[in-house]
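Since the structure comes first, as structure tokens, the remarks are kept for the end.
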Amino acid sequence: MFSATIVLVLTLFLSSGNCAPSQQSCTVNSLSAFETANGPVEVDTNPLHAFESPKIPAINSTTSEYWYFDSVSTDGTAGAAITFFRDPVLAYLGQGNLRVMTEAVWSNGTRFSDTVFVEDSCITVCGGETTGVWSSPSKNTDFTFKISKDSKTVDIAVSSPLVTGTFRLTSNTPARYPHGETFPSRDASVALAPEFWWNEPIPSGTAHVSLRLGDTPFEIESGVGGHERNYGSGDYVVLAKSWSWMRFAAGPYTMVLWSWTSAIDGLYYPSAFLAKNDKVIFTATHSVEHPTEKFVVLREVLGPPGVHGTFGNDSPGWDVFLVDPKSLTQYYFSEQHKNIMFEAPHGQPDEYTRFVGTVTFTAPDQTFMKGVSIGEQSFIRPTK
Ligand SMILES: *[C@@H]1O[C@H](CO)[C@@H](O)[C@H](O)[C@H]1NC(C)=O
Ligand SMILES: *[C@@H]1O[C@H](CO)[C@@H](O)[C@H](O)[C@H]1NC(C)=O
């Protein structure tokens, strides 16, 4: 704690440009590309601390932390995501631990992906508002997110050789923890699985995206989007055996499911969350092996043939069942992939695909609704 305070004060004096706080009461956390601590570093798992604040203020050679923002068009065919990383997993490339990834798919299936390594990342909290700046003066690059104190609005501005423009989110759902409690909760845990932490400031909201990607405009007007915060003691490849993650929005309903199988203890850690407008109506952290408690079942659809990843399986979508055995109610989502937004290169341990798509939702009273999805599937190939 003491040394962290010193770092903070020093940072205040040494920082310049984007990192200089406008008021004395601001807190600043600055990291440069090659700053890596030796040995274990502190991970902030206090559930009452602001969701946007840096959770691993000093990183070592294995920790990873990121701020992830995504969007999908109202017809489920186009989407974009921007992720701000503090993560040494690509440090072997010689460009350090800080990068921003921008990925997008246009309605016709054409994809764009750009990763920019930067020299500095600086997070300033002033009066509860969080500003993160990942910048590289030598590359004329500045990626900035500004998030309101209540996490209801996100404003991202991007200026780099290949990516420019804005990405905005307005939340219509409560910020929440992996087990479904809403922020703030003294008793909630931020752990999804061993060594892996997650908070979700925006389960879903309205997305306005106006970017130029290379030479081509990319626009989403009043689409759906969300915002996740993840941090772990190691890389996904070490922490997970496989996972699927998905955000569905249909009418007033938002569902987010993370279905994670840990490589640390081999156990399955599902986390399902369903809200109607800003009210949480269902959460589950069990699969069907606990049939007396609320549970979630995720099924990879087997057909008919459709858009699918090039790893693992040919499934063109997901079925998700959220079941409360006590009240005999069931919520059901059927998802269909429409396009691939991003896929990891082949030949690496992380066999990862992110989709955009459409969903149909069926409520217990048989209310039927159409909506959109963003989802990921990943299989980790054992390296030995
Ligand atoms: C980095 O810090 C994390 C969190 O304290 C720790 O679990 C991990 O072992 C550390 N990695 C190294 C290489 O020391
Ligand atoms: C898909 O749409 C984008 C954006 O309009 C365009 O730049 C691209 O050329 C199109 N791709 C194909 C294969 O038509």
Side-chain angles (χ1 to χ4, degrees), residues 1-4 7 29 31-47 49 53-66 71-81 85-92 96-98 102-114 121 158 161-165 167 178 189-199 207-221 223 229-240 260 262-265 269 307 337-343 349 355-357 383:
M1 196 59 224
F2 182 66
S3 62
V7 168
N29 175 254
L31 261 188
S32 61
F34 294 96
E35 225 175 313
T36 312
N38 286 319
V41 291
E42 200 185 329
V43 180
D44 179 359
T45 57
N46 184 326
H49 288 177
S53 68
K55 303 302 181 189
I56 311 183
I59 68 173
N60 65 23
S61 63
T62 58
T63 56
S64 89
E65 170 164 25
Y66 59 80
S71 60
V72 56
S73 60
T74 47
D75 65 356
T77 60
F85 288 92
R86 286 175 158 185
D87 171 0
V89 68
L90 297 179
Y92 68 89
N97 308 328
L98 306 174
T102 307
E103 293 125 7
V105 61
W106 283 272
S107 288
N108 62 10
T110 296
R111 280 181 239 166
F112 174 91
S113 166
D114 184 42
S121 84
V158 181
L162 282 182
V163 183
T164 56
F167 186 121
S189 165
V190 289
L192 172 70
E195 304 292 310
F196 186 61
W197 302 279
W198 171 38
N199 71 49
H208 298 278
V209 182
S210 180
L211 297 171
R212 202 167 179 82
L213 306 173
D215 292 327
T216 311
F218 179 93
E219 306 281 337
I220 289 181
E221 247 178 76
R229 292 275 288 108
N230 301 98
Y231 37 115
S233 68
D235 178 28
Y236 278 30
V237 174
V238 175
L239 300 181
W260 176 279
S262 171
I264 309 284
D265 62 10
Y269 292 91
V307 172
H337 306 330
K338 288 290 184 190
N339 270 319
I340 291 174
M341 188 200 299
F342 178 74
E343 191 154 76
F355 303 97
V356 289
T383 42

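Numbers here simply count residues along the sequence, with the first being 1. All values reported here derive from a predicted model rather than from experimental measurement. Atom set for the values below is all heavy atoms of this structure, side chains included, hydrogens, waters and symmetry mates excluded. Numbering of ligands and ligand atoms starts at 1, following listing order.
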Contacting atoms of ligand 1, where contact means under 4.0 angstrom from a heavy atom of Thr63: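 Within the 4.0 Å cut-off of Thr63, ligand 1 contributes 1 (C), 2 (O), 3 (C).
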Which of the numbered atoms in ligand 1 are under 4.0 angstrom from any heavy atom belonging to Ser61? 13 (C)
Using modelled atom types and a 3.5 Å cut-off, is there a donor and acceptor pairing between side-chain atoms of Asn339 and backbone atoms of Thr77? yes
Does Asp235 use its side chain to pair, donor to acceptor, with the backbone of Val238 at less than 3.5 Å?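 Checked: no pair found.
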Please tell me if the side chains of Lys55 and Val190 come closer than 4.5 Å, counting only heavy atoms from C-beta onward. no
The single option from Trp198, Tyr231, Trp197, Phe85 passing ring-ring contact (aromatic ring centres under 6.0 Å, His included) against Tyr66: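 Only one of Trp198, Tyr231, Trp197, Phe85 forms a ring-ring contact (aromatic ring centres under 6.0 Å, His included) with Tyr66, namely Phe85.
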Between the candidates Thr36, Asn38, Asn60, Thr62, which shows the shortest non-hydrogen contact distance to atom 1 (C) of ligand 1? Asn60
At a non-hydrogen distance cut-off of under 4.0 Å, which region of Pro40 contacts ligand 1 (side chain, backbone, both, or neither)? both
Closest non-hydrogen protein atom to [atom], residue and atom name please, with distance?
atom: atom 6 (C) of ligand 2; answer: Asn108 ND2, 4.2 Å
atom: atom 13 (C) of ligand 2; answer: Thr110 OG1, 3.8 Å
atom: atom 5 (O) of ligand 1; answer: Val41 O, 2.6 Å
atom: atom 7 (O) of ligand 2; answer: Thr216 CG2, 3.5 Å

Evaluate the 4.0 Å heavy atom contact test for atom 11 (N) of ligand 1: does a protein atom fall under the cut-off? yes
Polar contact flag, side-chain donor to acceptor under 3.5 angstrom, Ser53-Asp44: no
Would you kindly say whether Ser113 and Glu103 are connected by a side-chain donor-acceptor distance under 3.5 Å? no
Enclosure of Asp265 CG (heavy-atom neighbours >12, cutoff 6.0 Å): yes
So the atoms of ligand 2 within less than 4.0 Å of a heavy atom of Trp106 turn out to be 4 (C)
